[in-house]
There are 2 protein chains.
Amino acid sequence: MSSTITAQMPGEPATTTYERSCEGSPADSNHGRAIRDVLDRVGDKWSLLVVATLRKQRLRFTELQRHIPGISQRMLTLTLRQLERDGLITRTVHAEVPPRVEYELTALGGTLIELAMSLADWAIQNHPRIEDSRAAYDHAHSN
Amino acid sequence: MSSTITAQMPGEPATTTYERSCEGSPADSNHGRAIRDVLDRVGDKWSLLVVATLRKQRLRFTELQRHIPGISQRMLTLTLRQLERDGLITRTVHAEVPPRVEYELTALGGTLIELAMSLADWAIQNHPRIEDSRAAYDHAHSN
DNA sequence: CTGAATCCATACTGATACTG
DNA sequence: CAGTATCAGTATGGATTCAG
């Protein structure tokens, strides 16, 4: 059952939220939803970065913030909650004072970051080509 | 030079647009920028879907629109322009009347979609786990 | 047929201030 | 320390209309 994004993928058009299932054969269920869900998580501004940062080490809130320059407290919190909800990281609160909260990658999160790494490799290797292409395009359309 | 998203990735914080380079060692250049660029393209709502649709076939504008239910004329146009600019697809206009424009994947686009496919596979295989995790999380936090 | 231009609703993100 | 709450700017996507 090796993938097939092709054309049945649309999360949803009219309804702003992706709810209705794509009416393919009853068996193929809604792969589009699955893909969209993962993309929404991977594609946002900080999730992948947080997961990558947690790849090797278990870290607490403030440590994460230091490791990820530019992230706001708010966005770090929101991102962590999402990742936790999706089962990609775990959040453990130690009953101390002052409070200590540590975040750690789950096994699921671990498999995802491996994939993401290969995407990162692709990005790094091919970015020059993309940059060149953009320059050429912009030049041709500058008029 | 196998990747390392870790912590130096931030596109940019304060400046709304990702312009300033991350001042790492002069050699490692801005991998963060590369990764962010690719993610911005891959993560948006339609790009990956368009690329996937073009994977096997060369298609014209209207055909693409039919293959991708829910996409608006505007978003199809914008998405195609971006992909063309990045060198992931080519756009060829046939001097006929009525006009015929065909879009085709480039070699670069071809390598990207292969990666995207494995991500899609991951999404399909692990989505049940994510769904379960979400249900559990929502249940635990419903109060 | 293949778009470009305009307008509008919403979603995402960041800055800031406050709390157990 | 580790958040929450509120507010505001920007970006994104869709609907509609017009054009070569």
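Only this structure's heavy atoms are used, side chains among them; waters, hydrogens and symmetry mates stay out. Naming convention: chains lettered A, B, ... in sequence-line order (proteins, then strands); numbering from 1 in each chain.
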* Interatomic distance where CZ belongs to F61(B) and C1' belongs to dG20(D) [whole Å] -> 15 Å

* To the nearest angstrom, how far is D44(A) atom CG from dT13(C) atom C1'? -> 11 Å

* Structure fact -> Winner on side-chain proximity to M75(B), out of dG13(D), dT13(C), dC1(C), is dG13(D)

* Distance below 4.0 Å between T77(A) side-chain N/O and dG3(D) OP1 or OP2 -> no

* **Check ion pair D37(B)-R33(B) (N to O, under 4.0 angstrom)** => yes

* E102(B) CD - dC1(C) P separation (whole Å) -> 14 Å

* dG3(C) OP1/OP2 closer than 4.0 Å to side-chain N/O of R60(B) -> no

* Asked: Taking only N and O in the side chain of K45(B), is any of them less than 4.0 Å away from OP1 or OP2 of dA11(C)?
  -> no

* Are any side-chain N or O atoms of H127(A) and backbone N or O atoms of A123(A), one a donor and one an acceptor, separated by less than 3.5 Å? -> no

* Structure fact -> Between G110(B) and I113(B), the two heavy atoms sitting closest are O-CG2, 3.1 Å

* L78(B) CG to dG13(D) P, straight-line distance once rounded to whole Å -> 9 Å

* Residue whose closest nucleotide on DNA chain D lies nearer the 5' end, Q73(B) versus P99(B) -> Q73(B)

* Nearest-Å distance, CG (L39(A)) to C1' (dG13(D))? -> 16 Å

* **Main-chain N/O of T92(A) paired to R100(A) side chain as donor or acceptor, under 3.5 Å** => no

* Asked: In terms of heavy-atom contacts, does CZ of R58(A) have more than 12 from other residues, nucleotides or ligands at under 6.0 Å?
  -> no

* Quickly work out the E96(A) CD to dG20(C) C1' distance and round it to whole Å. => 16 Å

* To do: In whole angstrom, give the distance that lies between atom CZ of R91(A) and atom C1' of dC1(D).
  => 12 Å

* Structure fact -> Here the distance between atom C1' of dG13(D) and atom CG of L49(B), to the nearest Å, is 15 Å

* Asked: Looking at dT6(C), does its base get a donor-acceptor pair with the side chain of R74(B) below 3.5 Å?
  -> yes

